[in-house]
Amino acid sequence: DAGITQSPRHKVTETGTPVTLRCHQTENHRYMYWYRQDPGHGLRLIHYSYGVKDTDKGEVSDGYSVSRSKTEDFLLTLESATSSQTSVYFCAISESSDRLTLYGYTFGSGTRLTVV
Amino acid sequence: GQNIDQPTEMTATEGAIVQINCTYQTSGFNGLFWYQQHAGEAPTFLSYNVLDGLEEKGRFSSFLSRSKGYSYLLLKELQMKDSASYLCAAAELDSSYKLIFGSGTRLLVRP
């Protein structure tokens with residue numbers, strides 16, 4: 001299985017504070033994604049990366065920024081956390097179209113973020 | 001953009017067969033994925049269809065009709081451990097390999 005870890009696993013933070021979530025992979029996969037999962041909405045794409053320093057917005061990117069300075073790390077930052085950003089955040093990785101069709105994304109275990 | 005619809009909840013009996021439907025509307029389509037997600041865990045890959053027809057993998061099968069924008073996941077010989085959410089996801093037709101997910105169908109398997 002691909003090595004992908006998310007940290008922290010759980011976090012409680014106060015409204016207005018900055019928060020950074022980390023996704024780390026040991027598989028040298030090119031593509032990395034951040035999703036959030038909320039009841040009734042399923043998984044929604046926040047940002048994704050197709051290489052070092054190459055990132056783009058997903059469908060729910062407002063209030064979030066990302067950075068990818070190394071292949072193995074993809075950081076998601078909430079500049080000023082709001083209660084609406086309380087969610088479970090999943091990172092996913094993928095290598096190529098062939099691997100994607102055979103194995104799909106590999107997901108991290110998720111980060112449960114609560115903004116109070 | 002893409003819109004993906006699937007039922008919110010389904011209930012079935014252990015040993016039975018259940019079919020979970022998914023309809024999609026896309027501006028560019030590059031295949032349909034199914035994932036399984038147990039409560040509190042990450043989604044895991046079940047299947048991928050890009051051509052019309054049925055793909056079988058053991059107790060699980062997935063069907064796609066591109067002309068109808070329709071897919072289903074068929075689970076046979078249901079087991080209690082199949083109680084989970086099942087996520088339908090469409091791949092976009094570009095080089096980003098982005099997946100757009102439906103809201104998921106929560107399946108409860110009863111004894």
Side-chain angles (χ1 to χ4, degrees), chain A residues 1-6 9-10 23 25 29-51 54-61 66 68 74 87-112, chain B residues 1-9 20 22-24 26-51 55 57 60 62 64 71 73 84-107:
Chain A
D1 286 345
I4 176 172
T5 55
Q6 291 185 232
R9 291 295 311 278
H10 301 272
C23 179
Q25 59 141 332
H29 284 358
R30 177 181 176 188
Y31 300 89
M32 300 185 76
Y33 310 84
W34 276 108
Y35 285 85
R36 60 177 290 174
Q37 187 172 38
D38 306 288
H41 290 279
L43 286 159
R44 292 182 290 174
L45 183 64
I46 305 171
H47 282 279
Y48 64 99
S49 170
Y50 43 95
D54 290 325
T55 64
D56 206 346
K57 297 179 179 179
E59 59 183 310
V60 291
S61 60
V66 289
R68 192 165 178 204
F74 192 31
S87 186
V88 179
Y89 291 85
F90 285 102
C91 177
I93 60 175
S94 181
E95 183 177 38
S96 65
S97 61
D98 288 345
R99 279 194 65 88
L100 182 65
T101 59
L102 287 172
Y103 306 113
Y105 284 172
T106 300
F107 283 88
S109 299
T111 295
R112 184 173 295 276
Chain B
Q2 310 212 30
N3 186 48
I4 301 175
D5 289 314
Q6 48 183 134
T8 303
E9 285 188 357
I20 302 173
C22 171
T23 59
Y24 63 90
T26 65
S27 56
F29 177 75
N30 198 23
L32 197 291
F33 290 80
W34 284 96
Y35 281 81
Q36 180 190 60
Q37 185 178 26
H38 285 100
E41 297 183 8
T44 55
F45 171 74
L46 288 178
S47 68
Y48 171 76
N49 295 66
V50 68
L51 300 177
E55 296 276 346
K57 279 187 180 181
F60 293 6
S62 56
L64 178 67
S71 174
L73 181 69
S85 289
Y86 292 86
L87 313 179
C88 170
E92 293 206 334
L93 190 65
D94 62 21
S95 59
S96 69
Y97 306 134
K98 295 197 300 282
L99 297 189
I100 307 301
F101 285 83
S103 299
T105 298
R106 189 161 55 246
L107 174 66

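Lettering of chains follows the sequences in order, A, B, ..., and the numbering in each one begins at 1. Basis for what follows: all heavy atoms, side chains included, without hydrogens, waters or symmetry-related copies.
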**OP:** For ring-ring contact (aromatic ring centres under 6.0 Å, His included), just list the numbers for B/Phe101 and A/Tyr35, CA-CA rounded to whole Å, side-chain angles, deciding distance to a tenth of an Å, and then say yes or no.
**Re:** CA-CA 10 Å; B/Phe101 285 83; A/Tyr35 285 85; 5.4 Å; yes
- Task: Would you sort out whether B/Tyr97 and A/Tyr33 count as a side-chain contact (heavy atoms from CB on, under 4.5 Å), showing the intermediate values?
- Result: CA-CA 10 Å; B/Tyr97 306 134; A/Tyr33 310 84; 3.3 Å; yes
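Of all heavy-atom pairs spanning B/Ala42 and A/Gly108, the tightest one is CB-O, 3.1 Å. Counting all heavy atoms, side chain and backbone alike, A/Phe90 lies closest to B/Pro43 at CE2-CD, 4.2 Å.
Residue B/Leu99 touches chain A through both its backbone and its side chain, counting heavy-atom pairs closer than 4.5 Å. Contacts between A/Tyr50 and chain B at a heavy-atom distance below 4.5 Å are absent for every atom of the residue. When heavy atoms are compared at a cutoff of 4.5 Å, A/Leu45 approaches chain B solely by way of its side chain, counted from C-beta outward. Using a 4.5 Å cut-off between heavy atoms, B/Gln37 contacts chain A through its side chain alone, with no backbone atom that close.
Annotation: maximal heavy-atom pairing with chain A below 4.5 Å, among B/Phe33, B/Phe45, B/Tyr35, occurs at B/Phe45.
Other residues, nucleotides and ligands place more than 12 heavy atoms under 6.0 Å from the CZ atom of A/Arg44.
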